[in-house]
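Report on the structure given below.
Only a predicted model underlies this, so the values are computations on that prediction, with no experimental measurement involved. Computed from heavy atoms alone, side chains included, the values below leave out hydrogens, waters and symmetry copies.
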Amino acid sequence: MNKRLLLFLMGVAFAIQSPLLHGQELQAIAKKQYEFEAYELAIENYKKVLTKEPKNSEAMYHLAECYRFSNNYTEALNWYDQLTTLEDFNPKAYLHYGHILKATGDLDNAKYWYLKYMEVDPVVGANFAESCETAKSLLNEEDKYEISLFAHNSNSSDFGMSYNDGNLIFSSFRNDIQRETVSKNKSLLKSQGNQLFVVTENGPELLRGNLKSSFHLGPVAYADGLPTVAYTKNNFKDGIKFVRSDDTNMSLFFADKEEGSNDFTKERPFPYNETGFSTGFANFANKGKLLYFASNRPGGYGGYDLYMSQFKEGAWSIPVNLGPNVNTPGNEITPFYNEEENFLFFASDYRGGMGGFDNFIAEKVSALEYEPAINMGKGINSPEDDYFFSIDPSSGVYYFTSNRLGGNGGEDIYFATPAEKMLMAEEENVPAAVNLNDLAVNGSVKSNGNVVSVSDSDPIFYLADNNFSMENARLLAKRDLILSAPPSKVYYIQVASLAKTSGNVGNFKKLTSLGNLYKVHKSAATKIRLGYYYEKGEAAKILSSVKGMGYNDAFIVHEPLLTSELELVGDSKNGNSNGTFSSTFTPAPSTSNYKVRLASYTDPLWFDISRVNDLGEIEQWTKGQYTIFILSGYGGLDNAQKALIKAKNRGFTDAHIVMDNNGYLEKLKTN
């Protein structure tokens, strides 16, 4: 805490003892304390104001906010309950009251106050009102992770796990481990602040030497392969929220890691720290040449945004904002980049989540382009604040920090592992897909008493029993596709990139003699790709043939297999390019069989049958690595379209009408 602030607060603490202070003077002092985040002092003074003026709505609002930022939700709710009975109060109370209610699990009442806030800010109010429905959905999910408390948490706040040469390093306000010397600047109002600790065989030990600056440091990041360290100098307080969108609590520094040690020396400031704003929460990538961090500097999308800076020619480049697929009108903090999978993890308090800060994941697709962020789900997230997500490079364990109920202190470190053992135990309850040829009798198949016509000459597609049980596989159906079972990377041959509104694949259909032809739907374009292949050598051979057919601009792409992006537009039919699968379809005679294609999966257990089992007969089709779920049993196109609308409303947003043309699915062209 700086001397100016300390002297001011000491003077204020003395002044409020005087009985001569009027209510307005006392309230002005309390407001200054609130602005300096000295919430304990502000709470006492606002209470004194309210003793004299019980209906002072401004004092009551700031008192409730003091408790909210102090994570005392019981008292915050108490004062917001009283505040909202008054005739006139700060309209931001609608929003913050909603935040507290959501954090305590009262989602219906939280939504009510968020809807009230729409009168003030329609966009923000609607966002958080919708987030209550998202929270309900997330809370109803089966557990996807096994969550455990970090063994070395203390009764104070512990946060921000990082890694260096196999060592676990974290920040803590703990006072059970004392250093030999005491800082001369010890605060008269609060403990000296958080310090950095490293886990050893004997438990946590102080990371920094006794003669070095040690307090108000963290989190820290170590560059992989370089003796470089980035750390945050902060003014955090134990039990107080670390982030307020307008605070100035943090600045970013670099240092050189000492050889054979976790300690560092030769500290120097990040050249783009800005006076009057915060910069912190650093994370390295690309062998220390890429830096991700958070800042509430001007020019962003909201409070704190995530930025990137590159180390070029001996200097750090001007920070670049990561854009709207990552940043929001709220706060985005604590970035962690996983280079192996090109995933950026971070925390946000604005995106649809369970409450407070939630951990999210976004896939990086180019230097400054990210796919829309996805909530990491129940367990890693809770109704309260969850952030500082990271992955231990040596064990693969996920670490994060949370102030959820059940911890040891204000903030606690947790570790999580995907509940894969439970998932594997459930797999036996779901039957494998059945080969139609094994069941065929005179060109038809018996499936739950219904005759399903098939083509004897084409065994490409298979159909499992319509009545397969998913009741015991709900955990699998709800699992996080990215974290618990990251999609395998495969090789494609990209032959063209078409405008989003186009996508005519007629010029490429002859390539189906070499493999399946796909449209891959990206944010700004539709890629035409051939594939996919598991071996690069195989893809290289195919690429040579593609170029020999006149497609000289074709090249190899290595990406995760994400079936939600794929649309099969040309079926190789085992090398025969005369397949009937097409991207468009002109309505056929009334005898045609209209169906609704719901979704395709690499694992059928991701499908939740209960969402659509009243909309028609469910068929499970498989082709290669894909399992495709289809709704059927409609007498005509009108009925199929009605089922399509209901399926979309229930979350199958990519569903569409298809024609079952003798064992081939043809997408119906829509105008």
The criterion is salt bridge (charged side-chain N to carboxylate O under 4.0 Å, His left out); which residues satisfy it with [X], sequence neighbours excluded?
X: Asp224; answer: Lys287
X: Asp386; answer: Arg404
X: Asp305; answer: none
X: Lys233; answer: none

Inset, instruction - Only counting residues at least two apart or in another chain, list the ones meeting side-chain hydrogen bond (donor to acceptor under 3.5 Å, both in side chains) with Asn234. - result: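 Asn194.
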Do the ring planes of [X] and [Y] sit parallel (below 30°), tilted (30 to 60°) or perpendicular (above 60°)?
X: Phe270; Y: Phe293; answer: perpendicular
X: Tyr399; Y: Phe150; answer: perpendicular
X: Phe236; Y: Phe281; answer: parallel
X: Tyr39; Y: Phe69; answer: parallel

Residues two or more places apart in sequence or in another chain: which of them pass ring pair (Phe, Tyr, Trp, His ring centres under 6.0 Å) with [X]?
X: Phe400; answer: Tyr414
X: Tyr491; answer: His558
X: Phe284; answer: none
X: Tyr73; answer: none

Inset, instruction - Without swapping roles, check the side chain of Lys102 against the backbone of Gly353 for a donor-acceptor pair under 3.5 Å. - result: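 Yes, Lys102 side chain to Gly353 backbone: donor-acceptor pair under 3.5 Å.
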Legend entry - Test item: Thr200 side-chain N/O and Gly203 main-chain N/O as donor-acceptor pair under 3.5 Å: yes
Do you see a donor-acceptor pair shorter than 3.5 Å between the side chains of [X] and [Y]?
X: Ser394; Y: Asp392; answer: yes
X: Asn325; Y: Glu369; answer: no
X: Asn321; Y: Asn327; answer: yes
X: Asp238; Y: Ser157; answer: yes
X: Asn408; Y: Asn155; answer: no

Inset, instruction - Assess Arg297 against Tyr307: is NZ or CZ under 6.0 Å from the centre of the six-membered ring, and within 45 degrees of the ring's axis? - result: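 Verdict for Tyr307: a cation-pi partner in Arg297.
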Inset, instruction - Compute both the distance and the angle, then confirm whether Arg529 meets the cation-pi test with Tyr492: under 6.0 Å from the six-membered ring centre, within 45 degrees of the axis. - result: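 Judged by the rule, Arg529 and Tyr492 form a cation-pi pair.
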Legend entry - Pairs where residues 156-170 contributes a residue and the test salt bridge (charged side-chain N to carboxylate O under 4.0 Å, His left out) is met, not counting sequence neighbours: Asp165-Lys257
Inset, instruction - With sequence neighbours excluded, give me every salt bridge (charged side-chain N to carboxylate O under 4.0 Å, His left out) pair touching residues 205-221. - result: Arg208-Asp263, Arg208-Glu267, Lys212-Glu258, Lys212-Asp263
With a 3.5 Å cut-off and sequence neighbours excluded, list the donor-acceptor pairs that the side chains of residues 342-349 form with protein atoms.
from, atom 1, to, atom 2, distance (Å)
Asn342, OD1, Tyr337, OH, 2.9
Ser348, OG, Glu332, OE2, 2.6
Ser348, OG, Tyr350, N, 3.2
Ser348, OG, Arg351, N, 3.4
Asp349, OD1, Asn331, N, 2.8
Asp349, OD2, Asn331, ND2, 2.9

Legend entry - Asp247 with Lys241: basic N within carboxylate O range, under 4.0 Å: no
Inset, instruction - Could you check Asn249 against Glu37 for side chain to side chain donor-acceptor pair (under 3.5 Å), going step by step and ending with a plain yes or no? - result: CA-CA 10 Å; Asn249 279 347; Glu37 300 182 20; 3.2 Å; yes
